[in-house]
Amino acid sequence: MSVSFNLATDLDAALKSAALAAGLTDAAAFTPEVRTADPRNGDYQSNGVLGYAKARKLNPRAVADQLVAGLAPEVHERCEVTVAGPGFLNFTLKPAALLAWLRVFDTEEHLRAGAAAAHAGQTWVVDYSSPNTAKQMHVGHLRSAVIGEAICRMLAFTGARVIRDNHLGDWGTQFGKLIYGYKRWADPTALAADPIEELERVYKLGHAATPDDSPELNEARAELVKLQNGDLENFALWKKFSDVSLAAFQQIYDRLGIRFDHNLGESFYNDKLERIYAELGEVKIAEVSDGALVVFHPEHPRFKTQPFIIRKADGASNYGSTDLATALYRAEHFKADGIVVVTDFRQGDHFEQLFLTVKKWFAAKNHRLPELHHVTFGAVTGEDGKALKTRDGGVIKLKALLDEAEERAFAIVNEKSPELSESERREIARFVGIGAVQYADLSQNRSSNYVFSWDKMLALDGNTAPYLLYAVARIHSIFRKLAIVPGDASTDSLASALETPAELALARKLVKLPDTIRLAAETLRPHFLGLYLYELAGEFSAFYAADKVAVDDPAVRARRLLLCARTLVTLETGLHLLGLRTLTRM
RNA sequence: GCACCUGUAGCUCAACUGGAUAGAGCGCCAGACUACGAAUCUGGAGGUUAGGGGUUCGACUCCCUUCAGGUGCACCA
């Protein structure tokens, strides 16, 4: 009996065949709509009968009965099939089918191989993090980095070639003021100690020294013009700003497990903008309005009057220009099948206008159009519901936030596991602290605001990183105590049929991983995966409390160890997909 | 003014994009370690899904409308 990774897909195909076999009228139009079910009803349910029967004035229960009769014998061998309510088809996997699946999908590699069909052969560019150079990363940069990385990993797991592109804000008017300030007030010692801190200091001085309509502002503008015209000194300064910024960013990224393939910031597109203006003019999508080159979308309720500005009246580019060039570069150079941009919801209008423009432009020029996704997320707020700030109202730097996470986790580890060595406790605190920050963000639907709470993210109960990491550590502990390697083939081969309610409940949850991965990757919403892992850890804890693993009967013990091993690999795989690092003890 | 997002238990969040009796954690109440990690588990109480209308076999989910909060809207990104 061959075992498919995604059992729901199998059932969907089997039901379509059954519709034909049963001779349903218009059988080709029947869509089974298979989905995971509430465990009380079964493992999977098919809801397609209701709509199908309704549209054709048939009795849905009679149609459901026909389908059940037409199902291939293998389906009945694997599942209990029942008709319920007005015409739901319920499928409950039999213990042997559960065990068969668990035997095949036993490692991260095998799970990956199973999941890889979804995006096989596709290239996806993910644009996330994207801070401005010469500035520190702050709490506002957290969500894009964390959510973006999780999305990258999920896409890669489902078979895509993923290109991580950090679209840095490394060009623009602020560099005139920065160079102006730098040339006057930069302190070499401070610069060596903490370059970004110093750049921020001299930028503030430069900004304060160049008020509107002042001769100083004209000097700052002149610095910018020199930079744009390729002046060697200013260009070297700008390059230095970028280099030290990237080095500082990487310190943060290392802590979050992020490594970009490219850092193609706005400056990269400077020499690619003329083509944009030319093509959009040529196909008559862009027009001049008040001196600026803009795009209107007459079919849109708002963008018919709200312009998408792609070149300013003074001839300078803006982020409309560079984002258009970016889309083209990703389509042409990377041959992207999909582009994902991860920014906060306030840029919704911009990307809606951008994507509308790209679709028309690519169609007119016959450029191949990738799928375009703007992945948005809400704000990070304090527990008062307002933007998260330091006590004195300042911006919270990302470095300080991660430091505090580790410190708070360290205090908890000291309390819970004083017997471990300090270096071990430090390492655990790093994994738990950073993981808590990442997971707090990923565990909830990204479209709403997220209330930042140390106590909640570091809690040991509930849908938190510590709870999940604890489940992982506890399973490792079982194998350590028994001196067995998780997933050991000789142990697995002894396993007898699953029997107890807790064993079956855990196994039924384990085989749902494919459905969860599909859902999370398709919707680009990592919280579906987080929720699944939390529920899985809960099922495991219930199983662990109900059924002793290290019993004398070798067959019972082997099957429970198999369940432990699969839970472990599923939790670890899932947490790694979210960007967390897991522990063997904590 | 136009548009987008959000509104679910006291609090923080889910609900598989239209499916069956809306679920968790915290907090509250009552229980479980001379068994493998109690950083855990088992039970209980707690709901007019902001209000109102509509669509249909079925609505937290889609449409209309009102209310509340947030955000964006001509040359910052």
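In what follows, chains are A, B, ... by sequence order, proteins preceding strands, each numbered from 1. Quick note: numbers below take in every heavy atom, side chains included, and nothing from hydrogens, waters or symmetry partners.
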Atom-to-atom span, NE2 of A:His300 to P of B:G72 - whole angstrom: 18 Å

Closest-nucleotide ordering on RNA chain B, the 5'-leading residue of A:Glu352 and A:Asn132: A:Glu352

Pairing partner (Watson-Crick or G-U wobble, both distances under 3.5 angstrom) of B:G23: B:C13

Under 3.5 Å side-chain donor-acceptor pair for A:Ser267 and A:Asn270: no

A:Glu427 side, atom CD; A:Met586 side, atom CE - distance, nearest 0.5 Å: 12.5 Å

Geometric cation-pi criterion A:Lys135 and A:Phe241, 6.0 Å radius, 45° cone: no

Distance, rounded to the nearest Å, where A:Gln306 contributes CD and B:G72 contributes C1': 8 Å

Sugar-phosphate, base or nothing in reach of A:Asn318, heavy atoms under 4.0 Å: sugar-phosphate

Tabulate protein N/O versus nucleotide N/O from nucleotides 15-18 of chain B, keeping only pairs under 3.5 Å, one per line.
from, atom 1, to, atom 2, distance (Å)
B:A15, OP1, A:His527, NE2, 2.7
B:C16, O2, A:Thr36, OG1, 2.4
B:C16, N3, A:Thr36, O, 3.3
B:C16, N3, A:Thr36, OG1, 2.8
B:U17, OP1, A:Arg35, NH2, 2.5
B:U17, OP2, A:Arg35, NH2, 2.7
B:U17, O4, A:Arg525, NE, 3.0

Salt bridge present between A:Arg426 and A:Glu407 (N-O < 4.0 angstrom): yes

Sugar-phosphate only, base, or nothing, as touched by A:Asn90 at under 4.0 Å among non-hydrogen atoms: base

Nucleotide B:A3, atom C1' - distance to CG of A:Asp349 in whole Å: 7 Å

Positive for side chain to side chain contact (heavy atoms under 4.5 Å, CB included) with A:Pro466, one of A:Val413, A:Leu460, A:Asp461, A:Ile412: A:Leu460

Between B:A38 and B:A20 - C1' atom distance, rounded Å: 37 Å

A:Tyr534 side-chain proximity, nearest of B:C73, B:A74, B:A24: B:A24

A:His373 ring center within less than 6.0 Å of A:Phe355 ring center: no

Contact letters for nucleotides 35-40 of chain B, in which S counts primed atoms plus P, OP1 and OP2 and B counts the base, heavy atoms under 4.0 Å: BBBSBS

Rounded P spacing from B:G7 to B:A15 in Å: 10 Å

Base-pairing mate for B:A39 - Watson-Crick or G-U, with both contacts under 3.5 Å: none

Side-chain donor-acceptor pair present, A:Thr500, A:Asp547, cut-off under 3.5 Å: yes

Distance between C1' atoms of B:A59 and B:G18 (Å, rounded): 7 Å

Rounded distance in Å between the C1' positions of B:G1 and B:G47: 37 Å

Between P of B:C5 and CZ of A:Arg446, the distance in whole Å: 13 Å

Touch class at under 4.0 angstrom, heavy-atom based, for A:Ala292 against every strand present: base

Rounded distance in Å between the C1' positions of B:A50 and B:G31: 38 Å

Anti versus syn assignment for B:C16, with syn defined as within 90° of 0: anti

Distance in angstrom units between A:Gln347 CD and B:C76 P, rounded: 15 Å

Rounded P spacing from B:U61 to B:U8 in Å: 14 Å

Sugar-phosphate, base or nothing in reach of A:Asp344, heavy atoms under 4.0 Å: nothing

Listed nucleotide nearest any side-chain atom of A:Asp290, set B:A74, B:C13, B:C73: B:A74

Spacing of the P atoms in B:C2 and B:C64 (rounded, Å): 14 Å

Sugar-phosphate only, base, or nothing, as touched by A:Ser289 at under 4.0 Å among non-hydrogen atoms: base

Base partner of B:A68, which must satisfy Watson-Crick or wobble distances under 3.5 Å: B:U6

Sub-6.0 Å ring centroid separation between A:Tyr534 and A:Tyr467: yes

Among B:G23, B:A20, B:G19, the one nearest A:Arg40 by side-chain distance: B:G23

N-O pairing of A:Arg508 and A:Glu539 below 4.0 Å: no

Spacing between A:Tyr450 atom OH and B:U71 atom P, to the nearest angstrom: 19 Å

Integer-rounded Å distance: B:C5 C1' and A:His374 NE2: 12 Å

Polar side chain donor-acceptor pair, A:Asp323 to A:Tyr269, under 3.5 angstrom: no

Where the chi angle of B:U71 falls, syn if within 90° of 0 and anti if not: anti

Sugar-phosphate only, base, or nothing, as touched by A:Val551 at under 4.0 Å among non-hydrogen atoms: nothing

d(CD, A:Gln444; P, B:C5) in whole Å: 18 Å

Rounded distance [0.5 Å steps], CG in A:Leu563 versus CG in A:Leu510: 6.5 Å

Watson-Crick or G-U counterpart of B:C60, or none if no pair lies under 3.5 Å: none

Rounded distance in Å between the C1' positions of B:G52 and B:A30: 42 Å

Sugar-phosphate, base or nothing in reach of A:Pro307, heavy atoms under 4.0 Å: base

Carboxylate-amine/guanidinium proximity below 4.0 Å for A:Arg35 and A:Asp515: no

